[in-house]
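Below is one structure; the comments refer to it alone.
All chains are named by letter (A, B, ...) in the order of the sequence lines, taking the proteins before the strands, and each is independently numbered beginning at 1.
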Protein chains: 2
Amino acid sequence: MTVYTPGQVAEETGFSLDTLRYYERIGLLEPVERNAAGQRRFSEEDVGWLGMVRCLRDTGMPIAAMLRFAQLVRSGDHTVADRIGVLESHDAAIEAQITLLRERQRAIQRKIQYYRDVQAVAELRETPDPARR
Amino acid sequence: MTVYTPGQVAEETGFSLDTLRYYERIGLLEPVERNAAGQRRFSEEDVGWLGMVRCLRDTGMPIAAMLRFAQLVRSGDHTVADRIGVLESHDAAIEAQITLLRERQRAIQRKIQYYRDVQAVAELRETPDPARR
DNA sequence: ATGGCACCTGGAGTGGGCTCCAGGTCAATG
DNA sequence: CATTGACCTGGAGCCCACTCCAGGTGCCAT
């Protein structure tokens, strides 16, 4: 059974040491195993769960919602349907997020084009008729 | 020249009255015109700028960056190239955001599929051999 | 044995972005 | 002429998600 030091986990998951401790404190992570000196040793399972947390966080799920999901995961197999429900609705939320992002992006791109046109006109003014320069 | 009351602007832009006042306070909005009673009357231009702010906010631009952009807009035509630069790099940031979101979304969808498989196996266990029920 | 390093704890502090509040002004409506 | 409702101000408060800190432990290499 492989175990990971806090430093390794931070490296792998991209969470800071402080964030890892914070997640454990608030119960997003179950109490992590310790070695004789009291230092954390993360299991494969911990690291896997942190991967899930990474996905959910990066897609905008608030910590409170992740805590509820964590509760489901800990409550055993009879919650599998509920977990699917949570993830499906989050999947839909991500889709909506992307749709909005694309919409706003198009508006910004139109603005860029507008500024380019403004520039082009300005240049025309500088050299109104190339043939006559 | 049409003007808009705070309520109308809130309605149209989706920003709350408090947020509109906050944006003016921090200088994201230039001092808004007032009527005789000291109440705000937003111009078309204000509303247009708020549309831009909406786009930038919704796509994750921090307020500090929007303030810098606002400065460029106010500094006159010679900043058009800079504005294009800001918007282009923000456009790229949005693209990156969407790419990450899609990546995470795929991982979540794989997880959903995994849970569905777990469920299927569980059902098999309940009725191991349909022919023999 | 001495330094350096990775880690530990509880608790306080930070930053971003609003959001709320008390107490007040004005204009229109019943 | 009293009430209602939309608005005003300055300032405090809030929520989220970390992040930092002081003071301490244990282990390893020089």
Side-chain angles (χ1 to χ4, degrees), chain A residues 2-43 46-47 49-50 52-70 90 93 97 100 104, chain B residues 2-43 46-47 49-50 52-70 90 93 97 100 104:
Chain A
T2 335
V3 293
Y4 301 84
T5 65
Q8 288 168 336
V9 176
E11 176 76 14
E12 251 183 65
T13 63
F15 291 120
S16 75
L17 295 174
D18 271 321
T19 299
L20 291 173
R21 288 192 277 258
Y22 167 68
Y23 282 173
E24 184 177 350
R25 255 204 319 260
I26 64 172
L28 187 52
L29 218 48
E30 281 190 281
V32 175
E33 294 295 305
R34 304 304 182 104
N35 70 2
Q39 300 190 343
R40 289 175 180 78
R41 294 297 171 237
F42 294 80
S43 67
D46 291 330
V47 174
W49 169 245
L50 284 168
M52 188 76 218
V53 170
R54 179 89 273 166
C55 281
L56 298 176
R57 278 303 295 129
D58 283 355
T59 51
M61 184 180 285
I63 283 182
M66 292 197 297
L67 278 174
R68 287 192 293 277
F69 185 70
H90 187 58
Q97 218 184 128
L100 181 70
R104 300 311 193 207
Chain B
T2 336
V3 293
Y4 302 83
T5 65
Q8 288 168 336
V9 176
E11 177 76 14
E12 252 184 64
T13 63
F15 292 120
S16 75
L17 295 174
D18 269 322
T19 299
L20 291 173
R21 289 193 276 259
Y22 167 67
Y23 282 173
E24 184 177 350
R25 256 205 318 261
I26 64 173
L28 187 52
L29 219 48
E30 282 190 280
V32 176
E33 294 295 304
R34 306 304 181 103
N35 69 3
Q39 299 191 343
R40 288 175 182 79
R41 294 299 171 233
F42 293 80
S43 67
D46 290 330
V47 175
W49 169 244
L50 283 168
M52 189 75 218
V53 169
R54 179 90 271 165
C55 279
L56 297 176
R57 277 304 295 130
D58 283 355
T59 50
M61 184 180 285
I63 283 181
M66 292 197 298
L67 279 174
R68 287 191 294 276
F69 186 70
H90 187 58
Q97 219 183 127
L100 180 70
R104 301 308 194 208

Less than 4.5 Å apart, side chain to side chain, heavy atoms only: is that true for [X] and [Y]?
X: A:Met66; Y: A:Arg68; value: no
X: A:Tyr4; Y: A:Glu12; value: yes
X: B:Val3; Y: B:Glu33; value: no
X: B:Val32; Y: B:Arg41; value: no
X: A:Leu28; Y: A:Val53; value: yes

Nearest whole Å is fine: how far is [N] [atom2] from [X] [atom1]?
X: A:Leu28; N: D:dA17; atom1: CG; atom2: C1'; value: 12 Å
X: B:Phe15; N: C:dG17; atom1: CZ; atom2: C1'; value: 12 Å
X: A:Leu20; N: D:dT19; atom1: CG; atom2: C1'; value: 13 Å
X: B:Glu33; N: D:dC8; atom1: CD; atom2: C1'; value: 17 Å
X: B:Gln39; N: C:dA27; atom1: CD; atom2: P; value: 8 Å
X: A:Ile26; N: D:dC18; atom1: CD1; atom2: P; value: 8 Å
X: A:Leu17; N: D:dT19; atom1: CG; atom2: C1'; value: 12 Å

Nearest-nucleotide pick for [X], side chain only, options being [options]:
X: A:Arg25; options: C:dG11, C:dT9, C:dC7; value: C:dG11
X: A:Tyr22; options: D:dA17, C:dC7, D:dC7; value: D:dA17
X: A:Arg34; options: D:dT19, C:dT9, C:dC7; value: C:dT9

Item to complete: Measure distances between side-chain N and O atoms of B:Asp18 and base N and O atoms of C:dC20, and say whether any donor-acceptor pair falls under 3.5 Å.
Response: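 Under the 3.5 Å cut-off, the side chain and the base do form a donor-acceptor pair.
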
Fill in: Sole residue of B:Leu20, B:Ile26, B:Asp18 in side chain to side chain contact (heavy atoms under 4.5 Å, CB included) with B:Tyr22
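Testing B:Tyr22 for a side chain to side chain contact (heavy atoms under 4.5 Å, CB included) against B:Leu20, B:Ile26, B:Asp18 leaves exactly one candidate, B:Ile26.
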
Worksheet item: Taking A:Phe42 as the fixed residue, which of A:Val9, A:Thr2, A:Thr13 is the one that meets the side chain to side chain contact (heavy atoms under 4.5 Å, CB included) rule?
Response: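 That would be A:Val9.
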
Worksheet item: How is A:Arg21 classified with respect to the nucleic acid when contacts are heavy atoms under 4.0 Å: base, sugar-phosphate, or nothing?
Response: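 Base contact.
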
Worksheet item: Where along residues 4-14 of chain B does a heavy atom come under 4.0 Å from DNA chain D, residue by residue in number order?
Response: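 Residues of residues 4-14 of chain B under 4.0 Å from DNA chain D: B:Thr5, B:Pro6, B:Gly7.
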
Discussion item. At a heavy-atom distance below 4.0 Å, what parts of residues 53-67 of chain B sit against DNA chain D?
Written reply: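 Hits under 4.0 Å, by residue number: none.
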
Taking OP1 and OP2 of [N], is either one under 4.0 Å from a side-chain nitrogen or oxygen of [X]?
X: A:Tyr23; N: D:dC18; answer: yes
X: A:Arg40; N: C:dC8; answer: yes
X: A:Thr19; N: D:dA17; answer: no

Worksheet item: If every non-hydrogen atom of B:Ala70 is compared with every non-hydrogen atom of B:Trp49, which pair is closest and at what distance?
Response: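 Minimum heavy-atom separation between B:Ala70 and B:Trp49: CB-CZ2, 3.6 Å.
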
Worksheet item: Looking at A:Phe15, is A:Arg54 sitting on its ring face, NZ or CZ under 6.0 Å from the six-membered ring centre and within 45 degrees of the normal?
Response: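 The answer is yes, since A:Arg54 meets both limits relative to A:Phe15.
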
Worksheet entry | Short N-O contact, A:Glu30 and A:Arg25, less than 4.0 angstrom |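 Here A:Glu30 does not pair with A:Arg25 in a salt bridge, since their nearest N and O are not under 4.0 Å apart.
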
